[in-house]
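A short worksheet on the structure shown next.
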Amino acid sequence: MSLLFERRGQGASDRKLSIVQRLVSWWISHARQATASLGDLWRTPGPSLMTMLVLGFSLSLPAAFYLVSKNGAQVADKWSSPAQISVFLKKSVALEQVEQLVADLQTWQQIQQVDWYSKDDALIEFKETSGFGNALNYLDDNPLPDVLVIEPTAAHQTTSAAKLLVEALEELAPVSLVKLDIQWLERLHAIVAVVEDTFIALATLLCLSVILVVGNTIRLSILSRKTEIEVMKLVGATDQFIQRPFLYAGIWYGVFGAFLSWIVTTILLWWIESALNHLTRLYDYPISLQGLLPSESLFMVIIASGMGLLGSWLSVRQHIRAIEPTS
Amino acid sequence: MSLLFERRGQGASDRKLSIVQRLVSWWISHARQATASLGDLWRTPGPSLMTMLVLGFSLSLPAAFYLVSKNGAQVADKWSSPAQISVFLKKSVALEQVEQLVADLQTWQQIQQVDWYSKDDALIEFKETSGFGNALNYLDDNPLPDVLVIEPTAAHQTTSAAKLLVEALEELAPVSLVKLDIQWLERLHAIVAVVEDTFIALATLLCLSVILVVGNTIRLSILSRKTEIEVMKLVGATDQFIQRPFLYAGIWYGVFGAFLSWIVTTILLWWIESALNHLTRLYDYPISLQGLLPSESLFMVIIASGMGLLGSWLSVRQHIRAIEPTS
Amino acid sequence: MIRFDNVDKVYGSGHHALKNVSFHLKKGEMAFLTGHSGAGKSTLLKLIALLERPTNGNVFINGHSLNTVTRRHIPYVRRDIGIIFQDHRLLTDRPVFDNVALPMVIEGYSHQEIRRRVAAALDKVGLLDKARLLPSMLSGGEQQRVGIARAVVNKPPIILADEPTGNLDPALSMEILRLFEEFNRVDVAVLIATHDLGLIARMRYRTLTLREGQMFNDGLAAEPSL
Amino acid sequence: MIRFDNVDKVYGSGHHALKNVSFHLKKGEMAFLTGHSGAGKSTLLKLIALLERPTNGNVFINGHSLNTVTRRHIPYVRRDIGIIFQDHRLLTDRPVFDNVALPMVIEGYSHQEIRRRVAAALDKVGLLDKARLLPSMLSGGEQQRVGIARAVVNKPPIILADEPTGNLDPALSMEILRLFEEFNRVDVAVLIATHDLGLIARMRYRTLTLREGQMFNDGLAAEPSL
Ligand SMILES: Nc1ncnc2c1ncn2[C@@H]1O[C@H](COP(=O)(O)OP(=O)(O)OP(=O)(O)O)[C@@H](O)[C@H]1O
Ligand SMILES: Nc1ncnc2c1ncn2[C@@H]1O[C@H](COP(=O)(O)OP(=O)(O)OP(=O)(O)O)[C@@H](O)[C@H]1O
Ligand SMILES: [Mg+2]
Ligand SMILES: [Mg+2]
């Protein structure tokens, strides 16, 4: 397009093309520039790698936090899933009667599952966890009752529905007490909320710092190419043309940073898991951490390249405009 | 110093000076360059601030981790302090006898402190914590024994000395069982070790990334001053002369980064504390977190400026040497 | 083609670089611009290429006032002007070929077209065999010729040259001027800033002479008193 | 002072830039170095300033072979040589004063000394009133003169100049050459690469002529066949 000379226009941009041809050539030109920008990074592997390392480390922390909170949430889920109802039976109830009761309850349509903690098991667990240990061997008699832990079906987990169920259970002959576990759930939720909020604050900080790192890197690489940019402006390049390679570089930094951080996160996870498994031997409690799913990894790459693009765009917008050819 | 012309030497470096004069002028010249480099940063506040923000965020995470682990360690300390000995008394022992026994034991020179958990209190606590709640109201009789928790003096906290004490206690008439709490201590230590290791791994990663960030920033700012460096080399500047401003810039980045991260950490801590205090209302358990002490802040500044120096030194060493004037 | 209308240029430093300059360079005309160091030659060329804006007055290209061109449209104006800079202004990290190709790449020409025309331009300045070298591997005069090739590769309707022969020996200078004459013959307007009075004298083209920012002489090469 | 002993220079690209060049420039001697574009003039000067190393042969300054100078000592050699570069090579982000002061700052002179001598050097090239401006605010010729002031501010025993008058009008060129003569009179060796045959003819100094990298003529200004 010539602004001052009407008849002039040998440039490709002036050739008459159909919309499809234009779209195709637009895509081809972008793909070509993306590859060229990748080639530029490849040609200076040392410096590019350094930038990507910085990014990778910065990104791996939000990723690690995400994994920690995901695994934490899983545990919390397991604990907090339904509003549980604990049913304490009378001490006088015989073993067969309990078995009968459990079988009955499992037919109730409001009830999803019934777990029976026999008083003998409870005593053993109590001995182990209370710290009173063998002292309890001196008990004349098992003072603990049998307990049934009942999980209502999804439809009966609302507070009101659960309360109706509680009343129904209290009617039963062998039952001495029915308890709806609400309070400790509230506590757990409060703890989880604090932990999650902390993670979100830290992750936000880190994502911000990723954008800053990319922006800073692009800014400095713009400055280091200041004379080149001036030359391009001198021979008639638009800001859009000049900034495109930098935007692509930002995206590539994001992509490779995400890849690196995936590796770092995986190593970190494996490391924590092996450390926890050392603990497991003490606790006899099987722990298995979940890594990043393929969909989550893809999401991470998309987010990272988005942040790379955002960082470089913020930087490019400001600095390429500011460079004006003098002399 | 002239290499090829013996009589030549009008440069200041050739004037005959005493050692003291040399030292003073060395210090003055370094102080002047440090200020000049600070001035350079000041003259481009936007970009410098951006670099410092990146650094500040990166540094604030190890600092936050340090604070978390410090506060965690404090709690762990409170819990794990001495090897405790639990003494379970026979159920038949009367209240006055227990009081007498406690008074006796407090006179023993091996014993620092005796805490008496009466069986009535224990039952109440058990009801609250076990989740069996009112079910225990149906107990005919309190099945729990009185418990004395004994804290040996520092000299008797070694495993062997503690064991001798255990034997002495077992001789006493009202005592049914003596237990040295070792196992749960071991468990706690294992948990604390995992948490600490994770923190150390993350903190190492973050410190590495701080060094990388500084190195990268300095690298790019060297590249953006490539032509200037070439000119300096052309007129006879040594690598040392050229690299000094960059090293100072690295130090300043570290110092200001540390300052920023101090602010970020303080805000973060205050935020977590307020979130925890929301929890406190549920738990009735007073939590107060400790911030960075002045000495720790100073240490952080020193470490940060050291890392800034290291990062810029690694970068400078490699890149200033590589720039060779051509044309 | 290029018309200056009472143009003044005062730099931020307060220096009055051009004072009430007026002239008209017609389509297909070729002229020299001369004057002492600091007379304002480069400033005049910069106003045409929109590298500076006039403080007063108006510059017209092909009848369009440059004062009405917005920042966003400056690149499109520059594409119509082939400029040879006093300090070459090459991309130091790209080979000679890429440097010369740059204006065509910016305009989005096809690869074949670019290859063909860059080779032709390099051939004209005698550097076809150095197309793969980096500018830093060239002598000063060779770099200057790369700049000349880049300015003409796009066949612009206007060519501005700031001391295009400052680093060339007399024989080569003559050759380059012949190249400009060749373009001039196909209706390209050429304006050459130079202090090489011998060259000016030999060529006998219209000569604009600046002195302290004022148009001191406009006509055939008159040996200035300086 | 400067002695070339059968010096060959082959660049990495395979170009044979200097072929078996020998000459001796004595203490306090002044000479021109001429030849076509790409003849090897700048290459020859670069060998003296240790910007390039010879492929074969030896360069001596004041009797010391430059082949024995290690990388670490190169800066100290350069401090003894005032070089004027074909492309000026100024610090673009520092004012003229700082640019000229640079060699003295590097050598650690006192502030008063620096102020005094920089002012004197700027005065000699007629730029004292532009000391506070940035190089980008100067005309091409003014930038070249800043480079000249920087090269002489340190009173080096050797001055090398690569096309020092490429951007200067004839009157100013003459003035600059008078400045070199002034230095030459106090026993400074001066070697000036130039293609300005008029200047050479007027001055009648020893002239080294290169052609295709070979020493084609060494003597009084002989109009080369090119
Ligand atoms: N950006 C600027 N800011 C301030 N002054 C400037 C600027 N650019 C040029 N000048 C001044 O304007 C005057 C004219 O400069 P110009 O570059 O037009 O001269 P010139 O005729 O091209 O000289 P030369 O032959 O040396 O290249 C000079 O004195 C210069 O110092
Ligand atoms: N770094 C390099 N790598 C490869 N070839 C080079 C390099 N530097 C110079 N040359 C080649 O060596 C030859 C001589 O270059 P030199 O700069 O010495 O020429 P010159 O005489 O100064 O020319 P001019 O008058 O144009 O400045 C040129 O053909 C150039 O292409
Ligand atoms: Mg000029
Ligand atoms: Mg040269």
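Atom set for the values below is all heavy atoms of this structure, side chains included, hydrogens, waters and symmetry mates excluded. Please read these numbers as outputs of a predicted model, since none were measured by experiment. Reminder, nothing fancy here: chain letters follow the sequence lines and each chain counts from 1.
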Is chain B contacted by the side chain of [X], its backbone, both, or neither, given a heavy-atom distance below 4.5 Å?
X	value
D:Leu50	neither
D:Arg72	neither
D:Asp93	both
D:Leu45	neither
D:Thr92	both

**Request:** Establish, from distance only, whether the side-chain atoms of B:Tyr248 and B:His30 form a donor-acceptor pair under 3.5 Å.
**Result:** yes
Between the side chains of [Y] and [X], is the shortest nitrogen-to-carboxylate-oxygen separation below 4.0 Å, so that they form an ion pair?
X	Y	answer
D:Arg185	D:Glu182	no
D:Arg89	D:Asp87	yes
D:Arg145	D:Glu175	no

**Prompt:** Within residues 238-247 of chain B, which positions have a heavy-atom distance to chain D below 4.5 Å?
**Reply:** B:Thr238, B:Asp239, B:Phe241
**D:Leu44 vs D:Leu191 side-chain heavy atoms within contact, under 4.5 Å** = yes
**Asked** Does a sphere of radius 6.0 Å around CZ in B:Phe259 hold more than 12 heavy atoms from other residues, nucleotides or ligands, not counting ones at 6.0 Å or beyond?
**Response** no
**With D:Ala149 via side-chain contact (heavy atoms from CB on, under 4.5 Å) - residues at least two apart** = D:Val100, D:Ala121, D:Leu122, D:Val125
**Message:** If you apply the rule side-chain contact (heavy atoms from CB on, under 4.5 Å), what do you find for D:Ile84 with D:Phe180, and how did you get there?
**Reply:** CA-CA 12 Å; D:Ile84 294 141; D:Phe180 288 146; 3.5 Å; yes
